[in-house]
Amino acid sequence: MSVPKIKLNNGSEIPAIGLGTWQSKPEEVAAAVAHALKEGYRHIDCAWGYGNEKDVGEGIRQSGVPRSDIFITSKLWSTYHSRVEECLDQTLSNLGVDYLDLYLVHWPVPMNPKGNHPVFPLLPNGKRDVDHSWKLSQTWEQMEDVLKKGKVKAIGVSNFSVKKLEEILPTANIVPAVDQLEIHPYNPQHELLAYLCSKDIVPQAYSPLGSSGSPLLKDDVIQAIAQRLSLQPADVLLGWLGAKQIVALPKSVTPARITSNLHGAVAGAKKLSKEDIETIDGLATSGKQQRFIMPPWPVDLGFDNWPDKVV
Ligand SMILES: NC(=O)C1=CN([C@@H]2O[C@H](COP(=O)(O)OP(=O)(O)OC[C@H]3O[C@@H](n4cnc5c(N)ncnc54)[C@H](OP(=O)(O)O)[C@@H]3O)[C@@H](O)[C@H]2O)C=CC1
Ligand SMILES: O=C[C@H](O)[C@@H](O)[C@@H](O)[C@H](O)C(=O)O
């Protein structure tokens, strides 16, 4: 089946549904990626920090789908903000490809590259060892350099609030193509989405099912809409994103779910009415606001609804 696409500000198009790979075990992810590509996915969301890129690359090769037909995203890990090309080169080598379609700054928080751990350096007080001397605008300059070199076709950000975007936009020569964020009915971030739209930055939704264990599938309103439209709850969650032109990144290592998420996302986007979308848009303000992904960054990320206790 052909997957709908969304235009990016660099002129290229991104498939509106991508396979997530976070927490997919190395021994499972190759088969999941190969299955997804055989079933019609053309977009895989990866990250250096997921520690499974070699296996993702294996899955891409096993699928037999040509590299040029696949949209591959990866992300710069926080201990590499001052060494963008080094992190990117490791990702390219892990995946076994010679370019990425999209490279994202994973979190707007540079961590100490010479700390006590290569991925999660900690201070003696147990907090993450943040490199306060490094500016996000410097990271972005290096992102622009790898784009100019042709190693990636587009650059973007992830987990950037308006506050963090405004730390890079005044000096940016290239506006980020996307901002990958936690977006689902319990964390719809309507104001941030309006800001992104005004800057021509495409939103991507991570944890669209509520992350591990897909808790949003149990929501009573989502279930009722699914039943009325003869859809699965996952189709409603993914269709809601598609109808709003938000890229959805559902993760699964279960073949039947991988397949149904793709078909269901497309069916859901077609079947949901304007009223259904408005109902889902309002779930968070009716008392269900919840974030599922809140790593203990010891800095203010500038997001609403980020509990103070983890900052
Ligand atoms: N930029 C960032 O900081 C972040 C990016 N991401 C990206 O977004 C992707 C998706 O987010 P993620 O947090 O993984 O969570 P998701 O919301 O995609 O949920 C994944 C969970 O849902 C289950 N699942 C998937 N499909 C179905 C289905 N149809 N029915 C029932 N259960 C289902 C999966 O189980 P199973 O696999 O066992 O089938 C898994 O437990 C990530 O994998 C990653 O690529 C995620 C978090 C942060
Ligand atoms: O993409 C997935 C997430 O961002 C994940 O990489 C982080 O939440 C990480 O585990 C952390 O603790 O900072």
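What you are looking at is a predicted structure, and each value in this text was computed from that prediction instead of being measured. We count ligands from 1, going down the list as the structure has it; atoms in each ligand are counted the same way.
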Assess the pair W297 and F303: is the distance between their ring centroids shorter than 6.0 Å?
no
Ligand 2 atoms nearer than 4.0 angstrom to some heavy atom of W297 are 13 (O)
Could you check whether D219 pairs with K288 (Lys NZ or Arg NE/NH1/NH2 to Asp/Glu carboxylate O, under 4.0 Å)?
yes
Closest protein heavy atom (residue, atom, distance) for atom 12 (O) of ligand 2:
R128 NH2, 2.7 Å
Sorted by chain and number, the residues that approach ligand 1 to under 4.0 Å with a heavy atom:
G20, T21, W22, D45, Y50, K75, H106, W107, S158, N159, Q180, Y206, S207, P208, L209, G210, S211, S212, G213, S214, L217, A234, L249, P250, K251, S252, V253, T254, R257, N261
Please state which part of K75 comes within less than 4.0 Å of ligand 2, counting heavy atoms only: side chain, backbone, both or neither.
neither
Could you tell me if K153 sits above the aromatic ring of Y99, with its cationic atom closer than 6.0 Å to the ring centre and no more than 45 degrees from the axis?
yes
Does a salt bridge link K54 with E58, judged by any charged N lying under 4.0 Å from a carboxylate O?
no
Which ligand 2 atoms does Y50 reach within 4.0 Å, using its non-hydrogen atoms?
1 (O), 2 (C), 6 (O)
Centroid separation H190 to Y195 less than 6.0 Å:
no
Using a strict cut-off of 4.0 Å, indicate which atoms of ligand 2 neighbour a heavy atom of F120.
11 (C), 12 (O), 13 (O)
Here the atoms of ligand 2 under 4.0 Å from any heavy atom belonging to W77 are 13 (O)
What I want to know is whether N159 and ligand 2 share at least one N or O pair that is separated by under 3.5 angstrom.
no
Would T259 and E39 count as having a side-chain donor-acceptor pair, cut-off 3.5 Å?
yes
Please report which non-hydrogen protein atom sits nearest to atom 8 (O) of ligand 2, along with the residue it belongs to and the distance in Å to one decimal place.
P295 CG, 3.3 Å
Between F292 and H184, is the ring centre distance below 6.0 Å?
yes
Below 4.0 angstrom, N of the basic side chain to O of the carboxylate: do K135 and E167 qualify?
no
Same apolar cluster (I L V M F W Y, side chains within < 4.5 Å links), L104/V84:
no
Just need the protein heavy atom nearest to atom 10 (O) of ligand 2, so name the residue and atom and give the distance.
W22 CZ2, 3.9 Å
Carefully, step by step, assess W77 and F120 under the rule ring pair (Phe, Tyr, Trp, His ring centres under 6.0 Å).
CA-CA 10 Å; W77 185 243; F120 290 110; 5.4 Å; yes
Gap between atom CG of L237 and atom OG of S207 - 0.5 Å precision
12.0 Å
Name the closest protein heavy atom to atom 4 (O) of ligand 2, giving the residue it belongs to and the distance to 0.1 Å.
W107 NE1, 2.9 Å
